[in-house]
A.B. asks: 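Could you have a look at this structure, given as structure tokens, before my questions?
Numbers restart at 1 for each chain; the letters A, B, ... are given by sequence-line order, proteins then strands. Just the heavy atoms: all of them, side chains too, but no hydrogens, waters or symmetry mates, feed the values below.
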Amino acid sequence: MEIQFQYVTDADAAERAVEELRREGTLGFDTETTELDPYKGRLRLVQLSTGRNTYVFDVFKFGEDGRAAQGLEPLRELLADASVQKVAHNAKFDQKWVRHHLGCETNGVFDTYLASVLIAAGDSDRRHSLADVAKYFTDIELDKSEQISDWNAGELSPSQLQYAARDAQVMLSLHEQMADRLASDGLTEVAKLEFECLMPIAQMELNGIFLDAERWREQLAKVRVAQSKAADELQDMLSAGVAQASLFGRAEINLDSQAQVTDALINLGVPMPNSTRAWELQPLAEKYPVVGKLLEYRAVQKSMTSFGENILEYIEPKTGRIHADFRQIGAPTGRFSCSNPNLQQIPHDAAYRRCFRATEGKKLVIADYSQIELRILADFSGDENFIKAFESGQDFHSMTASQVFNVKPEDVTAEQRSFAKRLNFGIVYGVGASRFAMMTGLSQTDAENTMRKYFGTYRNLDGYLRESGRSVIDSRVARTASGRMLRLRYDENDRASIASAKRYGVNMPIQGTSADILKRALRLLHDSLAGTSGHLVNIVHDEVMVECDSAEADDIAVKLENAMVAAGGEFVKRVPIKTDVHIADEWSK
DNA sequence: GTGAAGGGCCAC
DNA sequence: AAACGTGGCCCTTCAC
């Protein structure tokens, strides 16, 4: 079916188009670009649709540099105006291109991609491409064959323009269906939270983070030496158990093959546990030096491959920085995930983190939430003792140790604090006594007794966790403070399946509310950084990093802390929210 | 050759 | 009897 559209190629037409578009409260929105990466290609088209009429702005016709094009000023104002809603699919993509190539923000966004993910509520069978979403919510079949066509062409074909117009137009019928569905699923609030977080993330990806390649290479050189030494020594030790070794010299074993390494260890008489995972091998390391060597080799091998030369290839030549991909709903809990490269798994070791640094004349302002998940749990449970431990403002693990072991805070031993700490962390994930025993070295009985004491101290926490578990199994639904939803699937005839669903369902509201809070904080931060030198450069679940002019760092630190604490306060009412903020030259604690 | 699955391990 | 939640990346193995 042909779609009515107007092709906008000059300033007068642009002005008239925007005037017409402004009469609508909601517009379909899409862009066409010559590449997928805004630093590598050009923005060709911006499409805005009222449903009846669609305007296709050809950015090329307004000059070489879209940012400098005066004729596009009305369009920029319209896009930046949050009072006009723009419906787009995966809006982060369009926002990045518009920000970089037109020089303005896109505000007031409704994202059909994120809406679809929220509605799916963790169902991994559902797909979320525009074609899939259109089919699912409106039964419209979309042909995406022009998506990969040449948007660089001097003159675009009628079929290209038709395709471009249609993608913007289809957004409106999609929006109607999806807005209703969000409302009936109780997802309106979380959707707003997600949509308002899009622009901060789009901007963060454009900002990128500076990685000092020289420092990285220096570190890598050290690791290479260690790797080669460990590999050589491990090879020698393993070969001792292989028969052919004496005949043909040293038999080469693939040290990265868990099958070959396991065989070799068995030949050497090492009693092999169920797997060769580090935590299973660790206890054997003392008696069998070869096991210790294997663990040493694995560690350096991991450093060299996952955190080696490859990450340097992600440095964008145009900016000299790394622009990773952040998936806003990376996990069904609402947490972000990050890839290409994953900046959320850079080793904590200062040798790696110090390579991520502020550029000349700049500082990094780094803030992280203190015990955010435990504070959320305390709030949800309403447990007075648990809340008191936070209200005291003292070291939380010492306070809980003091309460659980019934000693004065100043008399808590290092060992008691350590038990309390590991239990505090484990509680959020639904740890059991046997796992707790495993990680502390306590006997099963002692572990059970310690946990009994813990839950005896925090009766309402125990009650909350039980009730939460019962409720998620009963209703097959879990929700965060913002209303984010997870549907649970389990086999009711399988105890293990029920137990697993229960842990997942109990954990999700806690982990997910933490994600809610971070997303709200990013919106507040984005607004308060406007007009400053501050730029968001990285986030790691409960940590936010901003780069800014050195002279402004103190001010930015206050803004960052305020945004994070205010966001926390919107979802957590009874427990104080605390952040630790510091100013540094490098990514460090 | 390519891709999926599984083991292993980094982060929070 | 069970045995701690979320991700991504690298490697080997194995099927096509």
A.B. asks: Answer yes when Arg321(A) and Glu547(A) have at least one side-chain N-carboxylate O distance shorter than 4.0 Å, and no when they do not.
C.D. replies: yes
A.B. asks: Select base, sugar-phosphate, or nothing to describe what Ala515(A) touches, counting heavy atoms under 4.0 Å on all strands.
C.D. replies: nothing
A.B. asks: Just the rounded figure in Å: distance from C1' of dC12(B) to NE2 of His541(A).
C.D. replies: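 In whole Å, dC12(B) C1' lies 5 Å from His541(A) NE2.
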A.B. asks: Compare side-chain N and O positions of Arg495(A) against OP1 and OP2 of dA1(C) and report whether any pair is under 4.0 Å apart.
C.D. replies: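 For dA1(C), neither OP1 nor OP2 has a side-chain N or O of Arg495(A) closer than 4.0 Å.
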A.B. asks: Let's go through Asn342(A) and Ser339(A) carefully: what are the C-alpha distance in whole Å and the side-chain angles of both, what is the deciding distance for side chain to side chain donor-acceptor pair (under 3.5 Å) to 0.1 Å, and is it a yes or a no?
C.D. replies: CA-CA 4 Å; Asn342(A) 184 355; Ser339(A) 58; over 6 Å; no
A.B. asks: If we take the P atom in both dA3(C) and dC10(B), what is their distance in whole Å?
C.D. replies: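 Their P atoms lie roughly 24 Å apart.
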A.B. asks: When the ring planes of Phe405(A) and Phe419(A) are compared, do they come out parallel, tilted or perpendicular, using 30° and 60° as the limits?
C.D. replies: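 Tilted.
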A.B. asks: Taking only the side-chain nitrogens and oxygens of Thr333(A), find out if one of them lies under 4.0 Å from OP1 or OP2 of dG5(C).
C.D. replies: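 It does not, given that no N or O in the side chain of Thr333(A) lies less than 4.0 Å from OP1 or OP2 of dG5(C).
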A.B. asks: Which part of the nucleic acid, if any, lies within reach of Ser303(A) when heavy atoms closer than 4.0 Å are counted: base, sugar-phosphate only, or nothing?
C.D. replies: nothing
A.B. asks: Counting only side-chain heavy atoms from C-beta out, which of dG5(C), dC12(B), dC4(C) sits nearest to Val431(A)?
C.D. replies: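 Per side-chain heavy atoms of Val431(A), the pick is dC4(C).
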A.B. asks: Give a yes or no answer on whether the side chain of Ser381(A) reaches the backbone of Asp383(A) with a donor-acceptor pair at less than 3.5 Å.
C.D. replies: yes
A.B. asks: Looking at dC4(C), I'd like to know if its phosphate oxygens (OP1 or OP2) sit under 4.0 Å from a side-chain N or O belonging to Arg503(A).
C.D. replies: no
A.B. asks: Tell me the interatomic distance from Asn274(A), atom CG, to dG8(B), atom P, rounded to whole angstroms.
C.D. replies: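 Taking atom P of dG8(B) as the reference, CG of Asn274(A) is at 10 Å.
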A.B. asks: Figure out the CD/C1' separation between Gln511(A) and dC12(B), and round it to whole Å.
C.D. replies: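 The distance from CD of Gln511(A) to C1' of dC12(B) comes to 8 Å, rounded to the nearest Å.
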A.B. asks: Taking the basic N atoms (NZ, or NE/NH1/NH2) and the acidic carboxylate oxygens, is any pair closer than 4.0 Å for Glu467(A) and Arg470(A)?
C.D. replies: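 Here Glu467(A) pairs with Arg470(A) in a salt bridge, since their nearest N and O are under 4.0 Å apart.
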A.B. asks: Just how far, in rounded Å, is P of dC12(B) from CG of Asp580(A)?
C.D. replies: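 It is 14 Å, rounded to the nearest whole Å.
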A.B. asks: Does the pair Glu309(A)/Arg224(A) count as a salt bridge with the N-to-O cut at 4.0 Å?
C.D. replies: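 Salt bridge flag = yes for Arg224(A) with Glu309(A).
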A.B. asks: If you take any heavy atom closer than 4.0 Å to DNA chain C, which residues from residues 277-294 of chain A end up in contact?
C.D. replies: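 Nucleic-acid contacts, sorted: none.
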A.B. asks: Checking salt bridge (Lys or Arg N to Asp or Glu O under 4.0 Å) against Glu586(A), which of Arg357(A), Arg215(A), Arg353(A) comes through?
C.D. replies: Arg215(A)
A.B. asks: Show the numbers, then the answer: is there a side chain to side chain contact (heavy atoms under 4.5 Å, CB included) between Trp587(A) and Val540(A)?
C.D. replies: CA-CA 12 Å; Trp587(A) 186 7; Val540(A) 191; 4.0 Å; yes
A.B. asks: For a quick check of understanding: with a heavy-atom distance under 4.0 Å over all strands, which category does Ile427(A) fall into, base, sugar-phosphate or nothing?
C.D. replies: nothing
A.B. asks: Starting at CD1 of Ile539(A) and ending at P of dA11(B), how long is that distance when rounded to a whole Å?
C.D. replies: 18 Å
A.B. asks: Can the positive tip of Lys519(A) be found less than 6.0 Å from the middle of the six-membered ring of Phe336(A), inside 45° of the ring normal?
C.D. replies: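 Positive - Lys519(A) is close enough to the ring of Phe336(A) and near enough to its axis.
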A.B. asks: Determine the contact category for Ser514(A): base if any of its heavy atoms lies under 4.0 Å from a base atom, sugar-phosphate if only primed atoms, P, OP1 or OP2 are that close, otherwise nothing.
C.D. replies: nothing
A.B. asks: Would you indicate what Met438(A) reaches in the nucleic acid, counting non-hydrogen atoms under 4.0 angstrom: base, sugar-phosphate, or nothing?
C.D. replies: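 No contact.
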A.B. asks: Should Asp580(A) and Lys578(A) count as an ion pair when the cut-off is N to O under 4.0 Å?
C.D. replies: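 Salt bridge flag = yes for Lys578(A) with Asp580(A).
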A.B. asks: Give the residues of residues 452-487 of chain A touching DNA chain C, defined as any heavy atom closer than 4.0 Å, sorted by residue number.
C.D. replies: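 Output list: empty, so none.
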A.B. asks: When you check every protein heavy atom under 4.0 Å of nucleotides 7-16 of chain C, what one-letter string (B, S, -) results, 5' to 3'?
C.D. replies: BBBSSSS---
A.B. asks: Which nucleotide in the set dC4(C), dA11(B), dA3(C) lies at the smallest distance from any side-chain heavy atom of Pro347(A)?
C.D. replies: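 The answer is dA11(B), which lies nearest to the side chain.
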A.B. asks: Run the salt-bridge test on Glu492(A) and Arg476(A) with the 4.0 Å N-O cut-off and return the result as yes or no.
C.D. replies: yes
A.B. asks: Please state how far atom CZ in Phe356(A) lies from atom P in dA11(B), giving the value in whole angstrom units.
C.D. replies: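 Answer to the nearest Å: 13 Å.
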A.B. asks: Answer yes or no: is there an ion pair linking Arg484(A) with Asp516(A), defined by an N-O contact shorter than 4.0 Å?
C.D. replies: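 Salt bridge between Arg484(A) and Asp516(A), a charged N being under 4.0 Å from a carboxylate O: yes.
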A.B. asks: Counting any heavy atom closer than 4.0 Å, what does Arg422(A) reach on the DNA or RNA strands: base, sugar-phosphate only, or nothing?
C.D. replies: nothing
A.B. asks: Look at Glu233(A) together with Lys229(A) and state whether they make a salt bridge at an N to O cut-off of under 4.0 Å.
C.D. replies: yes
